[in-house]
J.: 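Input: one structure, supplied below.
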Amino acid sequence: MLHIENVGKSFGALTVLRGINLEAAAGRITGIIGPNGAGKSTLLNVVGGLFPNDTGRILLDGTDVTPLPMHERARCGLVRTFQISRELGELTVLENLMLARQAQTGEAVLGALLRPGSVAREERAAVLEAKGLLDNVGLWRLADQSARALSGGQKKLLELSRALMLKPKIILLDEPAAGVSPPMRLEISKVIRGLCQDGMTFVIVEHDMDMIASLCDQVYVMAEGKNLTSGTFGEVVADDRVVRAYLGGVA
Ligand SMILES: Nc1ncnc2c1ncn2[C@@H]1O[C@H](COP(=O)(O)OP(=O)(O)OP(=O)(O)O)[C@@H](O)[C@H]1O
Ligand SMILES: [Mg+2]
């Protein structure tokens with residue numbers, strides 16, 4: 001579904017991605033691991049369209065999305081989750097989901113104001129959809145609470161639900177287990193696995209190796225902005241080069 005080919009990215013004089021290649025198969029969970037500073041988050045940012053890449057291309061279902069800005073990639077079904085910012089924290093859980101559609105699809109507010117009838121119908125449909133999504137992740141009873149009051153894990157589930165409002169084909173998740181209690185990590189894994197069984201495709205960057213081992217069919221290891229290796233979790237952790245990369249021994 002997602003084909004990343006020779007993607008490179010520099011910030012000024014600092015080269016962060018040096019020709020990354022990656023394939024994410026439909027209906028599967030593809031993992032990306034690697035030491036701090038390897039470029040994992042930058043890769044998700046570039047693939048999601050937050051920053052342009054300098055080299056290479058990104059194909060979604062065979063279509064080259066490299067020239068598209070973030071909201072158009074989201075419209076094509078390629079969605080990266082974002083942390084609930086301070087501003088979004090002021091909104092309720094339900095409002096966060098309602099806003100996710102406009103914020104990431106770039107839907108014109110003016111157009112909505114000019115078509116009040118159809119907007120009201122769409123809003124009602126969107127509330128029902130949001131309720132279904134929040135029910136699915138166990139957040140519906142918190143729908144009217146401000147997002148700020150959620151636990152770390154609940155915020156991650158809210159970020160995921162915001163992404164799902166866009167009806168994506170593939171979701172890019174950056175460290176869904178970070179800052180989350182161990183029981184909640186299991187809950188998040190369960191939600192991701194359930195969505196995958198319903199046909200969703202994921203790319204997950206994560207330092208929690210238990211989560212990667214339990215969820216991912218294929219794991220890519222990045223180090224110093226490059227592909228180090230890929231394979232099953234068992235294969236990559238048995239690779240000496242991976243161990244050395246984590247110990248800081250990569251030349
Ligand atoms: N917007 C930016 N401007 C300048 N440099 C950046 C930017 N984003 C990332 N970097 C740099 O790119 C390098 C890779 O960072 P990145 O966040 O992608 O690593 P990572 O693999 O996600 O690490 P971690 O596991 O710690 O999250 C770092 O040296 C970082 O400082
Ligand atoms: Mg990162």
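Both counts, for ligands and for their atoms, begin at 1 and track the order of listing. For this chain, numbers begin at 1 and follow the sequence in order. Values in this document were obtained by computation on a predicted structure and should not be read as measured data.
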J.: Is the backbone of Phe202 close enough, under 3.5 Å, to the side chain of Arg28 for a donor and an acceptor to pair up by distance?
T.: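 Answer holds: no.
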
J.: Tell me which protein heavy atom sits closest to atom 26 (O) of ligand 1, plus the residue, atom name and distance to 0.1 Å.
T.: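 In this structure, atom 26 (O) of ligand 1 has Asn36 ND2, 2.9 Å as its nearest protein heavy atom.
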
J.: In ligand 1, which numbered atoms sit nearer than 4.0 Å to a non-hydrogen atom of Phe51?
T.: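 Listed by number with element, the hits are 1 (N).
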
J.: In the protein, what heavy atom is nearest to atom 13 (C) of ligand 1, and what distance, to one decimal place, separates them?
T.: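 That would be Val16 CG1, 3.7 Å.
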
J.: Among all protein non-hydrogen atoms, which one is nearest to atom 10 (N) of ligand 1, and what is the separation to 0.1 Å?
T.: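 I find the closest protein heavy atom is Phe11 CE1, 3.7 Å.
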
J.: Nearest 0.5 Å please: distance from the CD1 atom of Ile188 over to the CD atom of Glu159.
T.: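 Ile188 CD1 to Glu159 CD: 9.0 Å, rounded to 0.5 Å.
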
J.: Looking at side-chain heavy atoms only, is the closest gap between Leu78 and Lys169 below 4.5 Å?
T.: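 No. Closest side-chain heavy atoms not under 4.5 Å.
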
J.: Please find out if the Mg ion (ligand 2) and some N, O or S atom of Ser41 are separated by less than 2.8 Å.
T.: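 Under 2.8 Å: Ser41 contacts the Mg ion (ligand 2) through an N, O or S atom.
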
J.: Which is closest to atom 20 (P) of ligand 1 in terms of heavy atoms, Glu206, Lys40, Glu224?
T.: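 Looking at heavy atoms only, the winner is Lys40.
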
J.: Is His207 touching ligand 1 with its side chain, its backbone, both, or neither, if touching means heavy atoms under 4.0 Å apart?
T.: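 It is the side chain that touches ligand 1; the backbone stays farther off.
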
J.: Give a yes/no verdict on whether any heavy atom in Met222 is under 4.0 Å from an atom of ligand 1.
T.: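 It does not; every heavy atom stays at 4.0 Å or beyond.
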
J.: Tell me the protein heavy atom at minimum distance from atom 23 (O) of ligand 1, and give that distance in Å.
T.: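 Of every protein heavy atom, Gly37 N, 2.9 Å lies nearest to atom 23 (O) of ligand 1.
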
J.: Using the rule that two of Ile, Leu, Val, Met, Phe, Trp, Tyr join whenever any of their side-chain heavy atoms come within less than 4.5 Å, decide whether Leu68 and Leu59 are in one cluster.
T.: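 No.
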
J.: Among all protein heavy atoms in this structure, tell me which lies nearest to atom 18 (O) of ligand 1, with the distance rounded to 0.1 Å.
T.: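 Checking every protein heavy atom, the shortest distance to atom 18 (O) of ligand 1 gives Thr42 OG1, 2.6 Å.
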
J.: Nearest to atom 22 (O) of ligand 1 by heavy atom, Ser41, Ser10, Gly225: which?
T.: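 Of the listed residues, Ser41 has the closest heavy atom.
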
J.: Between Lys156 and Glu175, is there a donor-acceptor pair closer than 3.5 Å when you use the side chain of the first and the backbone of the second?
T.: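 At least one qualifying donor-acceptor pair exists.
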
J.: Among all protein heavy atoms, pick out the one at the shortest distance from atom 27 (O) of ligand 1; state its residue, atom name and that distance to 0.1 Å.
T.: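 For this ligand atom, the closest protein heavy atom is Glu175 OE2, 3.4 Å.
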
J.: Hey, does Ser146 have a side-chain heavy atom less than 4.5 Å from the side chain of Thr92?
T.: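 Thr92 does not reach Ser146 side chain to side chain.
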
J.: Please state whether Gly34 comes within less than 4.0 angstrom of ligand 1, counting heavy atoms only.
T.: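 No.
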
J.: Do Leu186 and Met211 share a hydrophobic cluster (ILVMFWY, side-chain heavy atoms under 4.5 Å, transitive)?
T.: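 Different clusters.
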
J.: Kindly state if atom 30 (C) of ligand 1 has a protein heavy atom within a strict 4.0 Å cut-off, that is, under 4.0 Å?
T.: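 For atom 30 (C) of ligand 1 the answer is no, since every protein heavy atom stays at 4.0 Å or beyond.
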
J.: Decide yes or no on salt bridge (charged side-chain N to carboxylate O under 4.0 Å, His left out) for Glu129 and Lys167, but give the supporting numbers first.
T.: CA-CA 10 Å; Glu129 198 184 321; Lys167 300 187 172 44; 2.9 Å; yes

J.: Would Arg244 count as a cation-pi partner of Tyr246, with NZ or CZ less than 6.0 Å from the six-membered ring centre and within 45° of the ring normal?
T.: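 No.
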
